[in-house]
Structures are given as C-alpha cells and as structure tokens.
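Note sheet for the following structure.
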2 protein chains.
Amino acid sequence: MKEVESILHDKNVRPTAMRLLVYQILSENKNAISLTDIENQLKTADRTTLYRTIKTFEEQGIVHPIEDGTGITKYALCAAYCNADKHKDLHLHFHCKVCEETTCLTEYSIPQISIPEGYITEDINFTVSGVCKKCNQG
Amino acid sequence: MKEVESILHDKNVRPTAMRLLVYQILSENKNAISLTDIENQLKTADRTTLYRTIKTFEEQGIVHPIEDGTGITKYALCAAYCNADKHKDLHLHFHCKVCEETTCLTEYSIPQISIPEGYITEDINFTVSGVCKKCNQG
DNA sequence: TTAGATAATGCAATGGAAGTGCATTATCCT
DNA sequence: AGGATAATGCACTTCCATTGCATTATCTAA
C-alpha cells in the first residue's frame, strides 16, 4: 500500500484513503471496469467521489478511458511511464460481446497511421469487438 | 428519391416515408450525426421511430455507428458494398474537440492488425480525436 | 382488390450514466 | 497547531438510450 501511495504522489495526486482504494480496485481487476463497477465494489463510497477520482486519475495519466462500443466508459490503469501530458501506452482493446468483458491487449500496440494534413492528434481509441478466447472455446 | 428507395429495398428494408427522410438527412450531412441531431432536423418524427430506424439501418449495413469518445453515438452512411453480414468499409474516424464534429476519413483505411490467437473479430472502431484542419487554422 | 398478417409508428414512461452546486470534512504546508 | 486548499458526500438535474403497448401503414397472396 505504501507503494501505491508513492505512485499517486509521483503523479501529483493526493493519496487519500478513497483514492488508494480506487487504485487498489483498478489494479486487482485484470479487465477494464466502469464507474458503476467500481461503485459496486466500494459500497461505502459516494458515486460522485468515485466519478471525480477517476476524472483526476485520467487527467494525471493514471488511468485511460476506453470506449468499447457499449456506450459505457471503462477504465484501466496506465503504464507507469504515462503522465498528465501524454498517454504513451497505446494499445488495442478488446470487447467480448459474449462475456461483455473489456480487456487491454497491452502486447498489441496501435499501428502507426497517417491522418490528413493539418489535423492534430491528441487521443487514439482502437477497439476491436467480437468473441474472446475464453468464450470462443466454451 | 426513387434511387434511395431501391437502395433500401436492396438491403431488405421497407422504404417507408420516414426511412427515406432519415436516409436523406444522413446523406446530406457530410459529418457523422447523432440520434438527437436527426431528431432536430426532423421535428415531425418521434424519437422512438428514429431510434428504431437507425437500429434497422445499422443491422442491415446501411449506417455504421461511431464511438467518438463523447459518449454519444454518431452515425454515418456505409459504403454501397456493405451489408447486414459485414461492414466492409473500414476507415478511420476523426473527432474534433473544438468544433465537436465527427467525420469519416474514408480515404484512410484501418491498418491490418493481428489479435491474439483464439479471438474472433466482429467490429473495429478506430477513432482519432484532436483538432481538425478547419479549427487548427482558425 | 381486398382481407389478413406483419411490420412500422407514436405516445408515454423508465432506466442509467454523467455531471453540477454547495456545505462539510480532511489534508497538507508552514 | 492553524489556516488555506482540496476532497468528499448529498441532493439534484440533465440527457441519451430503451421498452411496452396501442394504433396505423404496408405488403402479399388469394
């Protein structure tokens, strides 16, 4: 826990009890999770607090949001080397339509692309949906 | 208009007056638009009807949904050769954070990618957000 | 061409996620 | 320890997505 505290500190986020818990939950879930998921795993906390906690985490490069096509934003921890200025950990995301789990395919990075002259890239979201290995075998 | 009618017919969608109007609106907008946008441009129609019309269009490969990071799903017409089974017109999408417009970059196709063994790909969403040319120059 | 089956539409209402304002409480720094 | 600043919790609000049901339109087959 001491460790998490210093991670938050390094990213300029006050390590409050609530935030440590949210971080904990995010690190324990191997999948990307929604605000509601966090809320369900932390019954004591108010939804607004969680909402703002995630917002802060996002702004400071601690988590990245994932639009998986369900309309519900999911979140997952960023790599240690991400920061407020830039999310450097750009990888594919996969959403399974059967088990509804959304996972980071951290081993699969987003390919280099070109966009039209004059456009500025700030964020990239590359999500593949279909059936995951687990559900495909079942 | 006769033309649109046959397009719908070819995709197994009954060409009702309402649907022709929705198609018309989609084809007149060069950007991807939301359900609410359509609703505003067609005051006479009930939102539910538009909702189900878009749903039908989506299922039959007439429009494709775009998750641009705003949490509001946008829609744009598919290429003629898309159908209910497969959306073959896979291109990048760009969302401008300044003017909030979401556009299809039909000239920029989604690069070939590999996903883990055992996974099945059904849909792909590749959206870049930032600042578009128009806003960058302004 | 018309009857009957089937599909589309409109209305009313619900659910759920996202977001805001404000008062209270905790945290950090000196 | 004290005071500025930030975090939290509560009460709302807003907006998009979605459903059930009654009504109306459309298509097909006799």
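Only a predicted model underlies this, so the values are computations on that prediction, with no experimental measurement involved.
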With sequence neighbours left out, what residues match [X] under salt bridge (Lys or Arg N to Asp or Glu O under 4.0 Å)?
X	value
B/Glu39	B/Arg47
B/Asp123	A/Lys97
B/Glu58	none

Shortest non-hydrogen separation from B/Ala32 to B/Lys74 and the atoms involved
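Where B/Ala32 meets B/Lys74 most closely, the heavy atoms are CB-CB, 3.7 Å.
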N or O in side chain of B/Thr49 less than 4.0 angstrom from C/dG10 OP1/OP2
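True: B/Thr49 side-chain N/O within range (under 4.0 Å) of C/dG10 OP1/OP2.
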Does A/Pro15 or B/Thr44 map to a spot on DNA chain C nearer the 5' end, using the closest nucleotide for each?
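Comparing both residues, the 5'-ward one is B/Thr44.
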Contact nearer the 5' end of DNA chain C, comparing A/Arg14 with B/Asp46:
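Between the two, 5'-proximity favours B/Asp46.
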Please table the atom pairs, donor to acceptor, closer than 3.5 Å between any side-chain atom in residues 102-111 of chain B and protein atoms at least two apart or in another chain.
residue, atom, partner, partner atom, Å
B/Thr102, OG1, B/Asp68, OD2, 2.6
B/Thr102, OG1, B/His95, ND1, 2.9

Going by the ring-ring contact (aromatic ring centres under 6.0 Å, His included) test, which pairs reach into residues 113-138 of chain A, not counting sequence neighbours?
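Passing the test, one end in residues 113-138 of chain A: A/Tyr119-B/Phe94, A/Phe126-B/Phe126.
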Quick test of your reading: applying ring-ring contact (aromatic ring centres under 6.0 Å, His included), list the pairs with at least one residue in residues 29-48 of chain A, sequence neighbours left out, ordered by first then second residue.
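Passing the test, one end in residues 29-48 of chain A: no pairs.
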If you fit an axis to the five pairs at each end of the helix from C/dT1-D/dA30 to C/dT30-D/dA1, how big is the angle between those two axes, to 10 degrees?
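Taking five pairs per end, the axes differ by 40°.
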For residues 48-57 of chain A, pull every pair meeting side-chain hydrogen bond (donor to acceptor under 3.5 Å, both in side chains), keeping only residues two or more places apart or in separate chains.
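The answer is A/Asp46-A/Thr48.
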Other hydrophobic cluster members with B/Ile66, side-chain heavy atoms of Ile/Leu/Val/Met/Phe/Trp/Tyr under 4.5 Å, chained?
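Taking Ile, Leu, Val, Met, Phe, Trp and Tyr as members, B/Ile66 stands alone, with no cluster partners.
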What pairs of nitrogen or oxygen atoms, one from the protein and one from nucleotides 13-18 of chain C, lie under 3.5 Å apart?
residue, atom, partner, partner atom, Å
C/dA18, OP2, A/Arg47, NH2, 3.4

Whole Å only: how far is the CZ atom of B/Arg52 from the C1' atom of C/dA12?
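My rounded result for the distance is 12 Å.
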Those residues that, when tested against A/His9, pass ring-ring contact (aromatic ring centres under 6.0 Å, His included) (two or more places apart):
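With neighbours one apart ignored, the set is empty.
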Contact boundaries of DNA chain D with chain B (under 4.0 Å, heavy atoms), 5' to 3'?
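With heavy atoms of chain B under 4.0 Å away, the range is D/dC16 to D/dC27.
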